[in-house]
Amino acid sequence: MMLYRMKFVLREPSSETEDRYLAEIPDLPGCRAWGDTAAQALENLQSVAAAFIESCRDRGDPLPQAVVTAAEDIEADRTVSEVMVAA
């Protein structure tokens, strides 16, 4: 199983984001998701990103180089998590 570590952008609700949070991954063109909360937008983004990567694999399309470079092969029985902290 591959673990992809990708940077994302989270935008606050505004008229440009349909008054919802908008999360997107710049390295995956068009990969964005909305949510009523920041957590919901990020959860939705993870699902969209996973579908994007699976679609590329299924069609035989290459992933963007920045995504391939950030990938890590992990063991199926190991849980890997990260937390981001701004101080």
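Numbers for residues simply follow the sequence, beginning at 1.
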By the rule that ILVMFWY residues connect when side-chain heavy atoms come within less than 4.5 angstrom, directly or transitively, which residues belong alongside W34?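 Traced through the cluster, W34 reaches L22.
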Taking only residues two or more places apart in sequence or in another chain, which ones pass side chain to side chain contact (heavy atoms under 4.5 Å, CB included) with P29? F52, P64
Does the side chain of E72 come within less than 4.5 Å of R5's, by heavy atoms?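 Yes, close enough: below the 4.5 Å cut-off.
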Is I53 close to M6 at the side-chain level, that is, under 4.5 Å between some pair of heavy atoms?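 Yes. Closest side-chain heavy atoms under 4.5 Å.
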Work out which heavy atom in [X] is nearest to a heavy atom in [Y]; give both atom names and the distance.
X   : Y   : result
P62 : C56 : O-SG, 4.4 Å
Y21 : T37 : CD1-C, 3.4 Å
A23 : A41 : CB-O, 4.0 Å

What residues form a side-chain hydrogen bond (donor to acceptor under 3.5 Å, both in side chains) with [X], not counting sequence neighbours?
X   : result
S55 : R59
D36 : R20
T69 : Q65

Looking at CG of L10 and CG of L42, how far apart are the two atoms once the value is rounded to the nearest 0.5 Å? 5.5 Å
Reported CG-to-CG distance for the pair L63 and L28, which is rounded to 0.5 angstrom: 7.5 Å
If two hydrophobic side chains count as joined below 4.5 Å and joins carry through other members, does M2 share a cluster with F8? yes
Linking I/L/V/M/F/W/Y whenever their side-chain heavy atoms sit closer than 4.5 Å, directly or via other members, would V9 and L45 fall into one cluster?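 No, no single cluster joins them.
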Sort and list the pairs that fulfil salt bridge (charged side-chain N to carboxylate O under 4.0 Å, His left out) and have at least one residue in residues 6-16, not counting sequence neighbours.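 Residue pairs with at least one partner in residues 6-16: R11-E24.
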